[in-house]
Amino acid sequence: MATSYNHRLIEGKWREKWEKDPVNVEDGKKPKYYCLDMFPYPSGNGLHVGHWRGYVISDVWSRYKMMQGYYLIHPMGWDAFGLPAENYAIQHGIHPSISTAENVANIKKQINEIAAIYDWDREVNTTDPNYYKWTQWIFVKMFNEGLAYEKEMPINWCPSCKTGLANEEVVDGKCERCHSEVTKKNLRQWMLKITAYAERLLSDLDKLDWPEKVKKMQTDWIGKSYGAEVDFKVDGMDETITVYTTRPDTLYGATFMVLAPEHALAAKLATDETRAAVEKYIYDASMKSNVDRMQDKEKTGVFTGSYAINPLNGAKTPIWLSDYVLADYGTGAIMCVPAHDDRDFAFAKKFDLPIIQVIAEDGKEIENMEEAYTDARGTMINSGEWNGRESADLKREAPKMIEKLGYGKKTVNYKLRDWVFSRQRYWGEPIPIIHCPDCGAVAVPEDQLPVLLPDVEKYEPTGTGESPLAAIDSWVNTTCPKCGKPAKRETNTMPQWAGSSWYFLRYVDNKNDKALVDKEKAHKYLPVDMYIGGVEHAVLHLLYSRFYTKFLYDIGVVDFDEPFKKLFNQGMICGRDRETGAATKMSKSLGNIVSPDDMVRDYGCDALRLYELFIGPPELDSIWDDRGIDGVYRFLARFYTMVMNNIEKNAEETDELVKLRHKLTHVITTRLESFSLNTVISGFMEYNNKFVELTKTTGVDKETLKTMVRLIAPFAPHVGEELWECLGGDGSVFAAGWPEYDENMISDNVITIPVQINGKTKATIDIAADEAKDDVLAKGKEALADKLNGLNIIKEIYVPGKIVNIVAK
RNA sequence: GCCGGUGUGUCGGAAUUGGCAGACGAGGCAGACUCAAAAUCUGUUGGUGGCAACACCGUAUGGGUUCAAGUCCCAUCACCGGCACCA
């Protein structure tokens, strides 16, 4: 009698063995494969079963690659700077470094329960001075290249976190982290000139094997548009206003102009009559929060009293101010063509401004226009020498024509803004800059890095726009590295994204104190072949990392300019809302968190790994169901027993079994390659049922069992190793190679196909795979003889190997 | 508003990309074992009608293409996600 499946014994045994005798070793001959997880923030809450999913997926993929003969880079580390640790410190008076260290230890223990094949020698922690030395080093390099610069400007400010935020961190006008409404604050900021990379960040997306959805999100975020800048002279003033437009073809339809209230000329355009109203409007706009500004769908505005001259036809168009024009996009000024733009139309209606149609769908003017005609297709009208032309052609040609006429220039614009990089918080990398009254901002010399984050007594953000570091005089006051005179340190810190924008590089050379990464190692092990993590980083982390990598490529640190060749986004695992039963994020407050520790104790790591995959398509969100894990546990137990019974039985290999073995290998490999991991598991179950049936009769031979065990090993590594040993396999199952299949062995000689009448299946017949069409049709008709009786056969269809359909009346 | 995605039994989900809809699992029902329960095993399980063989209906809704549609086309609805005055 075979022993039954005992996950505790098996898993304990193999954990010890793997520790002593690692399987993923470099021999200098194997090609490398770098499979990376998005590293976690070491939260005090620990992991729930949802966090496991991505790690299981990446480990399965890693082990598969390892079995295919690759040397694996599969590291793990900690994105440990950030607000939660700091908030915890504020509440409990414990230094963030201490709570962070505790959390790291705890989560590391939890992560080890996954039995993922992480190489802990490569571990990194963004809060380690030996790590953030290089985070600062990159900043200094960017500063030297003019990509990091200081600017005083109104930025997104979270009143609850009391810090500035990047554009990317504002979601629906709210703070990405705490969901407070974001306000504006005029602050001196460190900015990174990510816009200098806009074009490359956009066009290089083509090179990437990423989900289309993520590429699209980045494309939209970068937001490239083609158009023209057109210069309008201000009537009676020695000033020119340049507008940006994507529709220069509609220039004859421009009946007014609108400037953002923040535009440099805004106040200057006011006349004596309008001055009071203009100044009030500018002031009011400056007081409005982003949310107010977005929520006010109703257009507001004020007439400046001045007019601009349309360069094309000399028309005098009134200049207005309105906050629907954004100061920091394009030129902060637009020409308005109400007939062909929804917003301009609404504005014109509200303030009773003229509307001139210049594109007509059918050559005729629309009477009493009720909405703008925004389609670019049609014929030009009311447009001087352009009349009669196709507007789509004109749209394409107009920028060049305007440039030739000297009225402006062809240009492109991006929605992407420069990256607000300073945070007025404690728990982050100090920005390595010294402010000297004489020399200005001076970078801390490289040999003096890292600028250590000093201890403070009070972590609280001040709310004044200064970081808590500003209160430590002994740290702030220093000397200028250039002239030696007294100077002050920059007290802002970097955003959490700083450390995570390049961590994947450091894993391959994490102890190097001479360089960010050794060039040879970088060349040998990088870039990342497969990156696995949640879709929530689609524009933030993934865009920043691409920017950093491109910069490091430009300064010769690495020899590739995209960090992640392939990306996979796993879906979330949700809990159920206790009342509504709807799927919701697992959260403490909802009390629907499922702990992986409990699951591992009760069912074992292998069962939990299988269930994490079986639960649903890996790229979609799934809902956790406690009963579901029973199913995979039963499968593992039955599989284990089946193998044990067959070892005892010691059956002979047969042609049928060999075929079955090739089919199984084919099914698992193709599904795994297409990342259909849920159906990989159901495939195992299906074949196991077949093997269980066979065990009752002829039995299953050892080679077939060994194949199944090798195939299942990446998914259930402990069971894989245990059964491999029981079957007498050499060494570790992970060194045994991935089974291969022969295409010729996976097709059957005799196949069963359906026979239909008028597309409805009435019978099935067995045919030879290569049987002639006429024979098959004859067989089909014979099978349906009584049903075809009295019917007129109109058409007979045979799709080879698939189906017979008789069309009859 | 714009862009993208999804919609299949009681539930999670399959369906080689136009070829037997519901694989695999969960749950249910029935049975075996048991004093009993759990565990395990066996059978059954989309709906309606029928003793039955079988027939009809069925992949959000309405239409279409096709010998054949969950899959393709058109329209509509619902939910989810992204962007949101970017000129």
Side-chain angles (χ1 to χ4, degrees), chain A residues 4 171-173 212-214 216-221 223-225 227 243-248 250 254 258 260 293-297 299 322-326 328-337 340-344 346-347 374 413-417 535-536 538-539 581-583 610-611 614-617 619-632 634-635 637-638 641 666-667 670-671 674 676 678-689 692 752-764 794-808:
Chain A
S4 61
V171 179
D172 286 335
E212 285 308 314
K213 179 184 167 164
V214 176
K216 176 119 196 347
M217 280 168 73
Q218 293 212 356
T219 303
D220 290 349
W221 190 259
K224 183 177 187 177
S225 67
V243 303
Y244 172 69
T245 178
T246 56
R247 295 293 302 278
T250 63
V258 177
R293 211 161 152 161
M294 279 193 315
Q295 273 168 357
D296 288 347
K297 289 288 173 201
K299 297 273 181 289
S322 175
D323 64 8
Y324 84 88
V325 175
L326 304 174
D328 55 356
Y329 178 78
T331 60
I334 60 169
M335 64 172 212
C336 295
V337 185
H340 304 288
D341 181 279
D342 291 326
R343 295 148 302 183
D344 298 347
F347 196 86
T374 54
N413 250 303
Y414 301 90
K415 288 191 202 176
L416 185 70
R417 311 290 151 91
V535 75
E536 65 273 17
V539 278
L610 291 194
Y611 185 55
F614 187 59
I615 192 165
E619 69 280 8
L620 300 182
D621 291 353
S622 297
I623 299 171
W624 181 267
D625 182 352
D626 273 335
R627 291 174 304 197
I629 196 170
D630 286 320
V632 291
R634 275 177 214 148
F635 156 67
R638 280 162 51 167
T641 310
H666 171 254
V667 162
T670 51
R671 290 179 184 182
S674 62
S676 180
N678 53 327
T679 62
V680 168
I681 307 303
S682 59
F684 278 128
M685 289 171 167
E686 197 182 337
Y687 274 82
N688 189 51
N689 290 343
V692 168
T752 306
I753 62 164
V755 185
Q756 303 183 322
I757 298 178
N758 298 332
K760 289 195 175 165
T761 304
K762 299 292 176 184
T764 57
I794 296 163
K795 202 171 174 185
E796 297 168 22
I797 295 153
Y798 172 52
V799 182
K802 295 263 166 128
I803 201 161
V804 172
N805 190 12
I806 312 285
V807 185

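Computed from heavy atoms alone, side chains included, the values below leave out hydrogens, waters and symmetry copies. Quick note on labels: first sequence line is chain A, next is B, and so on, each numbered from 1.
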**Request:** Hey, can you tell me if A:Tyr324 and A:Phe347 have their rings parallel, tilted or perpendicular (30° and 60° cut-offs)?
**Result:** tilted

Does [X] make a side-chain N or O approach to OP1 or OP2 of [N] shorter than 4.0 Å?
X: A:Tyr329; N: B:A87; answer: yes
X: A:Lys760; N: B:C57; answer: yes
X: A:Lys795; N: B:C67; answer: yes

**Complete:** Classified by glycosidic angle (syn within 90° of 0, else anti), B:U66 comes out anti

**Complete:** Given the 90°-from-0 boundary between syn and anti, B:G9 should be labelled syn

In the strands shown, is [N] matched to any nucleotide by a Watson-Crick or G-U wobble pair with both distances under 3.5 Å, and which?
N: B:A87; answer: none
N: B:C29; answer: B:G43
N: B:A36; answer: none
N: B:G4; answer: B:C80

Without decimals, in angstroms, what is the distance between [X] [atom1] and [N] [atom2]?
X: A:Asp621; N: B:C79; atom1: CG; atom2: P; result: 18 Å
X: A:Tyr414; N: B:A87; atom1: OH; atom2: P; result: 13 Å
X: A:Phe635; N: B:U40; atom1: CZ; atom2: P; result: 15 Å
X: A:Lys216; N: B:A84; atom1: NZ; atom2: P; result: 12 Å
X: A:Phe684; N: B:A14; atom1: CZ; atom2: C1'; result: 17 Å
X: A:Asp220; N: B:C3; atom1: CG; atom2: P; result: 11 Å
X: A:Trp624; N: B:G12; atom1: CH2; atom2: C1'; result: 12 Å
X: A:Lys415; N: B:C3; atom1: NZ; atom2: P; result: 13 Å

Could you tell me how far [M] sits from [N] if I compare only their [atom1] atoms? Round to whole Å.
N: B:C79; M: B:U8; atom1: C1'; value: 16 Å
N: B:A84; M: B:G4; atom1: C1'; value: 14 Å
N: B:C51; M: B:A78; atom1: C1'; value: 44 Å
N: B:C80; M: B:G70; atom1: P; value: 28 Å
N: B:A32; M: B:A14; atom1: C1'; value: 31 Å
N: B:C2; M: B:U16; atom1: C1'; value: 37 Å
N: B:G47; M: B:G22; atom1: C1'; value: 13 Å
N: B:G9; M: B:A60; atom1: P; value: 8 Å

**Request:** Output all residues satisfying side chain to side chain contact (heavy atoms under 4.5 Å, CB included) with A:Pro617, sequence neighbours left out; order by chain, then residue number.
**Result:** A:Glu619, A:Leu620, A:Asn678

**Item:** Residues in salt bridge (charged side-chain N to carboxylate O under 4.0 Å, His left out) contact with A:Asp344, at least two apart in sequence or another chain
**Value:** none

Any idea which heavy atoms bring [X] and [Y] closest together, and the distance?
X: A:Ser622; Y: A:Gly616; result: OG-CA, 3.8 Å
X: A:Tyr798; Y: A:Ile803; result: CD1-O, 3.3 Å
X: A:Arg671; Y: A:Thr679; result: NH1-O, 2.7 Å
X: A:Asn805; Y: A:Asn758; result: OD1-N, 3.4 Å

**Request:** Using heavy atoms to find the nearest nucleotide of RNA chain B for A:Met217 and A:Ala333 separately, return the residue whose nucleotide is more 5′.
**Result:** A:Met217

**Message:** Classify A:Thr670 by what it touches in the nucleic acid, base, sugar-phosphate, or nothing, heavy-atom distance under 4.0 Å.
**Reply:** nothing

**Item:** Partner of A:Ile629 by side chain to side chain contact (heavy atoms under 4.5 Å, CB included), out of A:Asp625, A:Val632, A:Asp626
**Value:** A:Val632

**Asked** Heavy atoms, side chains only, cut-off 4.5 Å: are A:Leu610 and A:Phe684 in contact?
**Response** no

**Message:** Please encode protein proximity along nucleotides 16-30 of chain B as a string of B, S and -, counting only heavy-atom distances under 4.0 Å.
**Reply:** ---BB--BBSSS---

